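Below is one structure; the comments refer to it alone.
The figures here come from the full heavy-atom set of this structure, side chains too, leaving out hydrogens, waters and symmetry mates. The chains referred to below are lettered A, B, ... by the order of the sequence lines, with proteins before strands, and numbering in each begins at 1. Please read all numbers here as calculations on a predicted model, not as lab measurements.
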Protein chains: 2
Amino acid sequence: MSERTVGGGFVPDVALDRTSPVPLYFQVATRLQQLIEAGELPVGGKLENEIDLAERLGVSRPTMRRAIQYLVERGMLVRRRGVGTEIVHPKVRRPVELSSLYDDLAKTGQQPRTEIRSFEVGPAPDHIAEALGIPEGAEITWFERLRYAGGEPLAIMQNAVPVAVLAIDRDDLVSNGLYELLRAAGCVPRMANQVVGARTASAGEARVLGESRGAPLLTMTRTAWDAAGRGVEYGSHIYRADRYSFELTLTI
Amino acid sequence: MSERTVGGGFVPDVALDRTSPVPLYFQVATRLQQLIEAGELPVGGKLENEIDLAERLGVSRPTMRRAIQYLVERGMLVRRRGVGTEIVHPKVRRPVELSSLYDDLAKTGQQPRTEIRSFEVGPAPDHIAEALGIPEGAEITWFERLRYAGGEPLAIMQNAVPVAVLAIDRDDLVSNGLYELLRAAGCVPRMANQVVGARTASAGEARVLGESRGAPLLTMTRTAWDAAGRGVEYGSHIYRADRYSFELTLTI
DNA sequence: GAAGGTCGTTTGTCAGGACAAAGTATTGAC
DNA sequence: GTCAATACTTTGTCCTGACAAACGACCTTC
């Protein structure tokens, strides 16, 4: 029985470029991902077996396996020995990168605006140095921003970035999100530790955020590291709870 | 130069069991992990190159690579072509499983106690069926629990679990956490989508939680899926903000 | 008719080899 | 002494081949 998998997805021939610097397994994985996302391979259906697939695409079995494995790790496929490879419901797909407030707002069409309330370079306070895993007194850039969305204040954000990681330009911060700057500098946050809590607003916070005293606030402190385990960012943020909530996807 | 990597970790010989059903690459990875966690391989140091390592451990290079790759994905190692493999600071290690409130409390020594306030089996409301990706009207177990920690009320938790996934026993819920029951049934939550927000307590909520009206509350709604993309749990929880905050680790 | 064994299918594991690409260190020229 | 080219080390990619283990379906037997 090697016609087509019953009720399953038939993968059309894929043009691979062996001269490209992009690895073969990645070309295959990307193409499969496109087919799945375009709905050409039905969710819940089964993929052909990896041997046929490899042969038809003209790659070796290990390469085919690696492409499939890549999509398994991203939650798009599930494999079971003796059964086959199944296409999973899109709801459980893993996001591609750590999100930031700026990205989120820009993506949902609300225009983010940033006001810088303070900006200084100096030695790191102990608790921040400890969180980032840098020596006490190492130089950091410390700044406080007020973030607007749709013309209304949304969050007060205090952040620290080690100078050794990136020397931040004050003007860049106005027009870009912090994560955007970090990524542009080739320093990609790969892991983050967050603590999310809630409390009521003090009079000062309420005034700045355009809320009344005692209004509920979301608080978040975060430390982010790059792939090498280097602490790249520490942040302490407060958000108006009536206008913001965290949406996050957790994976094992 | 094949003496020992400068300033690096020397991996002692490892006893491998080729008759064991545990894959070789996993035996190697586990042993390496132990060595790193025990501090015998220094953080920040470099591992030997994979060719020597494979030879000395008596496995092929692909097997050695797979073991190393496993630890790279868990955030314990970083590799760079032409440079080598480096051991990363433990802070950025990925957690092994999705946490639940019950586990967290038990782990930190606060004794969790659970009071069941309602418990019923019936057809799923539309918004829950939609979140879990099950047909409208499919049978679910719906229950509301009050969770105490250290003798004081901490959270009101409403949850839904499809009967098709697990027929929950009311008595089990008192002495076990929900995730514990799910895992015991062989149905491991692998991915979860959470929305965390904040608001003030209504009079009724305040009374149940032993707070005053207008006190800040943390709210969380979550949908969890297993590896096959099957929705296994929907939850809507509220927590006393003065006694609880979410700590979570995000990875790309 | 039900229980159990057998067989084919499919994924999982492992080996060995070859070449490419990136980064570091050394060497040489000016 | 400085800069550029070269050699070496190390990981990345890709291939072929082989066997093992899990699963489902079919068949046989009782």
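Taking only side-chain nitrogens and oxygens, Arg61(B) never comes nearer than 4.0 Å to OP1 or OP2 of dG17(C). For dG12(C), the OP1/OP2 oxygens have no side-chain nitrogen or oxygen of Arg81(A) closer than 4.0 Å. Taking side-chain N and O atoms only, Tyr25(B) has no distance below 4.0 Å to OP1 or OP2 of dC14(C). Between dT10(D) and Thr85(B), no contact under 4.0 Å exists linking OP1 or OP2 to a side-chain N or O.
The two residues Gly137(B) and Pro123(B) have their closest heavy-atom pair at O-CB, 3.5 Å. Heavy-atom minimum distance, Val163(B) versus Thr141(B): CG2-OG1, 3.8 Å.
Near-neighbour residues of DNA chain C inside residues 63-71 of chain B, defined by a heavy atom below 4.0 Å, number-ordered: Thr63(B), Arg66(B).
Side chain of Glu86(B) to backbone of Leu47(B): no donor-acceptor contact under 3.5 angstrom is found.
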Would Phe26(B) and Tyr70(B) satisfy ring pair (Phe, Tyr, Trp, His ring centres under 6.0 Å), going step by step from the backbone distance to the final call? CA-CA 8 Å; Phe26(B) 194 77; Tyr70(B) 178 80; 5.5 Å; yes
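With DNA chain D read from its 5' end, the first of the two nearest nucleotides for Phe26(A) and Gly82(A) is the one closest to Phe26(A). Looking at which nucleotide of DNA chain D each of Leu24(A) and Gly84(B) is closest to, the 5′-most match is held by Gly84(B).
Ranking dT11(C), dC23(D), dT13(D) by closeness to the Pro23(A) side chain, first place goes to dT13(D).
A perpendicular orientation is assigned to the rings of His127(B) and Tyr234(B), their planes being inclined by more than 60° (bins at 30° and 60°).
With a 6.0 Å radius and a threshold of 12 heavy atoms from other residues, nucleotides or ligands, Glu55(A) has its CD atom at or below the threshold.
Taking atom CG of Leu47(A) as the reference point, atom C1' of dT9(C) lies 15 Å away to the nearest angstrom. Remark: C1' of dT10(D) and CD of Glu86(B) are 14 Å apart, rounded to the nearest angstrom.
Here Pro62(A) lies in heavy-atom contact (under 4.0 Å) with a base.
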